[in-house]
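Quick notes on the structure that follows.
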Number of protein chains: 2
Amino acid sequence: MTRESQGSRAPYGPGQSYESGQPYASDGNRAAVRRPASIKDVAAAAGVSPTTVSHVLSGNRPVNELTATRVRSVVNRLGYVPASLARSLQAGSTSVIGLMIPDISNTFFAELAKGAEDAAHDLGYGLILCNTEFDADREDRYLGMIRSRFIDGMVYASGSPPSRRRLEALMGKFPIALADEEVEGLEGALIATADHEAGGRLVGEHLRALGHRQALVLTGPRALKSGIARANGFVQAFRGEVVERVGDFKEASGYRLVAELLKEGGLPEGCTAVFAANDLMAFGALLALREAGLSVPDDVSVVGFDDIRAASLAHPPLTTVHQPAYDVGRTATAQLLQYVTRGEVPPASRHTLPVELKVRGSTAPATTR
Amino acid sequence: MTRESQGSRAPYGPGQSYESGQPYASDGNRAAVRRPASIKDVAAAAGVSPTTVSHVLSGNRPVNELTATRVRSVVNRLGYVPASLARSLQAGSTSVIGLMIPDISNTFFAELAKGAEDAAHDLGYGLILCNTEFDADREDRYLGMIRSRFIDGMVYASGSPPSRRRLEALMGKFPIALADEEVEGLEGALIATADHEAGGRLVGEHLRALGHRQALVLTGPRALKSGIARANGFVQAFRGEVVERVGDFKEASGYRLVAELLKEGGLPEGCTAVFAANDLMAFGALLALREAGLSVPDDVSVVGFDDIRAASLAHPPLTTVHQPAYDVGRTATAQLLQYVTRGEVPPASRHTLPVELKVRGSTAPATTR
DNA sequence: TTGTAGGCGTTATCAC
DNA sequence: GTGATAACGCCTACAA
């Protein structure tokens with residue numbers, strides 16, 4: 001026997017209070033963690049049954065006031081805290097959900113995570129951070145937590161194509177909500193996303209109003225619907241000539257795409273504006289233009305998407321579309337939990353959140369070049 | 001009885017595989033989650049005891065190859081996945097730890113979180129995101145997860161003073177590691193932090209080498225040791241005249257402190273440099289200086305601390321001290337887990353990580369004014 | 001008002 | 001090589 005079975009025999013259980021006492025272990029800090037008091041210990045010390053202790057704490061049935069007081073005092077003395085694990089096992093749910101995102105150090109996802117965490121915390125749920133780094137194996141491992149019933153649901157904002165197969169198997173059986181990015185083939189899902197297309201339209205209208213008639217559009221990867229939607233909205237509202245180049249949402253790709261064009265003889269004839277599918281790519285474009293001796297916004301206007309923190313700090317401050325990352329995370333999570341708390345799998349539903357154009361210093365009226 | 005007790009009687013348990021079958025529930029998506037197969041279901045269907053199933057899966061003891069194959073096939077057919085909850089209950093640990101931080105949308109903490117998540121994932125641990133928003137109640141609620149034994153340990157990077165009391169009670173009894181910020185009175189802890197003082201020294205040397213002899217130092221709140229250390233290191237290495245102003249690590253405070261000085265008759269006589277205790281305050285200072293018609297770096301040099309993403313994008317690009325936020329998170333977590341996995345409370349120990357001066361466009365040789 | 005007993009799903013112990 | 005049993009710690013239906 002590895003542990004003494006003192007538990008239910010010793011009147012005070014493991015004895016010492018966990019609330020008072022010395023802050024540090026006395027044996028040089030290498031203390032093994034001691035066995036904490038269980039409900040049985042409390043019951044024994046209070047001279048009642050575990051049932052009564054349970055009811056005193058949960059209030060699920062009336063208990064004699066005297067008995068209750070006695071129990072509570074023992075609870076304090078022993079520093080008893082119910083083991084949530086055991087409770088979860090018996091309840092069949094853990095009050096924990098997962099949040100799958102590709103990169104927490106990206107401010108967009110960090111904001112989204114904040115919203116998700118807030119929503120989860122509001123309902124007393126814990127949130128497990130599943131940062132995938134776009135790694136499908138890692139994602140699979142995290143999805144496994146749902147199948148092993150360690151988490152009650154998952155907010156999924158990863159969007160890397162490899163994951164689809166695994167997700168499909170879960171969708172409709174386990175509670176999952178998609179955040180920010182739709183996943184093709186998973187239309188039967190609960191999804192919260194910003195209005196990417198409207199954002200594109202806002203940019204198109206803005207540039208058109210400034211007199212621009214030809215623009216370069218730097219899109220995200222073809223596989224991601226959000227990027228497509230942004231470009232579509234733009235093209236629709238801009239009603240001018242558009243040259244598209246496909247990037248990957250990273251700063252380097254914005255730089256490369258623009259630099260290549262400039263090397264090949266400059267921007268297309270009459271092109272006075274660049275719309276990048278996100279801020280990072282816009283920064284890359286900014287850099288490439290500056291290096292080529294072009295002035296922003298005097299020669300070329302540049303617009304981004306996302307409104308990350310650096311956008312307003314950059315030089316010139318970037319005109320961009322503000323995406324409600326926090327709200328996306330919060331909405332997806334709140335919606336998901338609405339079903340999770342009832343033990344249901346969420347039905348297909350769509351929550352589209354409004355975006356906002358932030359006009360800053362990187363756009364100006366078109367000048368003929 | 002709420003659920004049919006079909007479990008151990010029906011030969012196929014809950015029947016249907018969780019791997020195959022239609023991806024969506026057929027009843028309009030409002031499906032309640034079904035009871036998944038348990039080890040008993042598998043055992044019954046394979047004609048063996050739960051013990052054997054357990055051993056087939058864990059490899060903890062040899063099993064007849066034929067039996068094992070049969071069991072594995074049933075496992076697949078029923079889509080059985082062991083309930084990690086039950087396993088945790090019996091093992092006495094959950095393989096989950098918490099990460100307490102004030103604000104995940106701050107890139108510094110996001111990076112730290114990434115490091116923590118990586119370290120946790122490496123050892124098969126889950127990480128619960130505890131975002132406190134500097135709210136002591138919220139922090140308390142999260143600390144409760146440790147007392148209810150839902151998590152095996154906590155990486156603590158919050159640093160808001162109100163939390164100390166609660167933390168003290170836990171320290172030395174439960175596995176906690178401090179990240180980034182020391183907490184006064186909790187010296188007996190495991191702590192990983194950047195070398196704030198060395199960072200300050202690097203800045204001091206840099207400015208001195210550029211010929212600066214008088215500087216304005218914008219510190220963080222007095223309660224936070226990291227900010228103090230930065231300022232101390234600076235003063236020590238700069239060996240010139242220093243005027244200190246106390247801020248709160250926010251952009252607005254950097255702006256306000258500098259603007260006030262300028263209004264009161266300009267920077268102190270001969271002062272040609274500003275060292276802000278973090279990048280955000282440096283940005284505020286930058287803005288105030290620009291508004292006053294002073295040029296950075298021609299009239300005044302400005303240095304920050306942290307090297308957040310916006311630092312290199314700002315105009316001028318900010319000279320700053322790069323803090324290894326990722327490594328801080330990763331180290332704290334890895335160290336913590338080293339003890340957690342052995343069921344021990346970590347001893348006091350200190351891990352100081354190197355910082356690096358990033359010289360950019362916001363500093364230049366001093367000019368006499 | 002309170003207690004007894006069974007079960008949540010797993011693994012360790014002991015016995016065959 | 002395999003199985004029965006107990007235990008992890010809690011909750012709750014049922015009984016008194």
Side-chain angles (χ1 to χ4, degrees), chain A residues 1-9 13-14 35-44 46-71 75 78 80-95 147-150 343, chain B residues 1-9 13-14 35-44 46-71 75 78 80-95 147-150 343:
Chain A
M1 206 180 293
T2 47
R3 297 164 179 166
E4 312 310 309
S5 59
Q6 50 165 319
S8 40
R9 263 179 264 147
R35 176 173 158 313
S38 80
I39 198 170
K40 278 190 196 164
D41 299 322
V42 176
V48 298
S49 75
T51 306
T52 300
V53 176
S54 173
H55 287 307
V56 167
L57 263 39
S58 71
N60 278 350
R61 87 178 181 194
V63 175
N64 179 299
E65 194 44 52
L66 247 64
T67 315
T69 310
R70 191 155 32 96
V71 167
V75 164
L78 301 191
Y80 169 67
V81 179
S84 40
L85 222 57
R87 183 177 283 175
S88 294
L89 179 61
Q90 114 84 30
S93 70
T94 58
S95 288
R147 312 197 67 234
S148 74
R149 278 147 290 154
F150 193 83
Chain B
M1 201 180 297
T2 48
R3 295 166 181 163
E4 312 311 310
S5 59
Q6 49 165 322
S8 41
R9 263 178 263 147
R35 178 174 156 313
S38 80
I39 199 171
K40 278 190 197 164
D41 300 321
V42 175
V48 297
S49 74
T51 307
T52 299
V53 176
S54 174
H55 287 309
V56 168
L57 264 38
S58 71
N60 278 348
R61 85 180 182 193
V63 176
N64 180 300
E65 195 42 54
L66 246 63
T67 316
T69 310
R70 190 155 33 97
V71 167
V75 164
L78 301 190
Y80 168 68
V81 179
S84 39
L85 225 55
R87 181 177 287 176
S88 294
L89 179 61
Q90 122 79 34
S93 70
T94 58
S95 287
R147 313 196 66 236
S148 74
R149 280 146 286 155
F150 192 83

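Only heavy atoms go into these numbers, but all of them, side chains included; no hydrogens, no water, no symmetry mates. Quick caveat, the model's predicted, so the values are computed rather than measured. Here is how names work: the chains are called A, B, and so on, in the same order as the sequence lines, proteins then strands, and each is numbered from 1.
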Considering all heavy atoms of both residues, which atom of A/Ser148 and which atom of B/Ser84 are nearest to each other, and what is their separation? OG-OG, 3.0 Å
Taking all heavy atoms of A/Leu57 and all of A/Pro82, pick out the closest pair and write down the distance. CD2-CG, 4.1 Å
Give the rounded distance in Å between these two atoms: [atom1] of [X] and [atom2] of [N].
| X | N | atom1 | atom2 | value |
| --- | --- | --- | --- | --- |
| A/Leu57 | C/dT2 | CG | C1' | 16 Å |
| B/Ile39 | C/dA12 | CD1 | P | 11 Å |
| B/Phe150 | D/dC10 | CZ | C1' | 14 Å |

Which part of the nucleic acid, if any, lies within contact of [X], taking any heavy atom under 4.0 Å across all strands shown: a base, the sugar-phosphate backbone alone, or nothing?
| X | result |
| --- | --- |
| B/Thr67 | sugar-phosphate |
| B/His55 | nothing |
| B/Ser84 | nothing |

A/Ser54 (side chain) and D/dT12 (base): donor-acceptor pair under 3.5 Å: no
Quick one: does A/Arg61 reach the base of C/dT2 with a side-chain donor-acceptor pair under 3.5 Å? yes
Earlier contact from the 5' end, DNA chain D, for A/Ala86 and B/Pro62: B/Pro62
Does a side-chain N or O from [X] land closer than 4.0 Å to OP1 or OP2 of [N], or not?
| X | N | result |
| --- | --- | --- |
| B/Thr51 | D/dG3 | no |
| B/Thr52 | D/dG3 | yes |
| B/Ser38 | C/dG9 | no |
| A/Asn60 | D/dT12 | yes |

Counting side-chain heavy atoms from C-beta on, which of C/dT10, C/dG3, C/dT2 comes nearest to A/Val63? C/dT2
On DNA chain C, nearest-nucleotide positions of B/Leu89 versus A/Gly47: which is more 5'? A/Gly47
Double-helix bend of the helix from C/dT1-D/dA16 to C/dC16-D/dG1, axes at both ends from 5 pairs, round to 10°, gives 50°
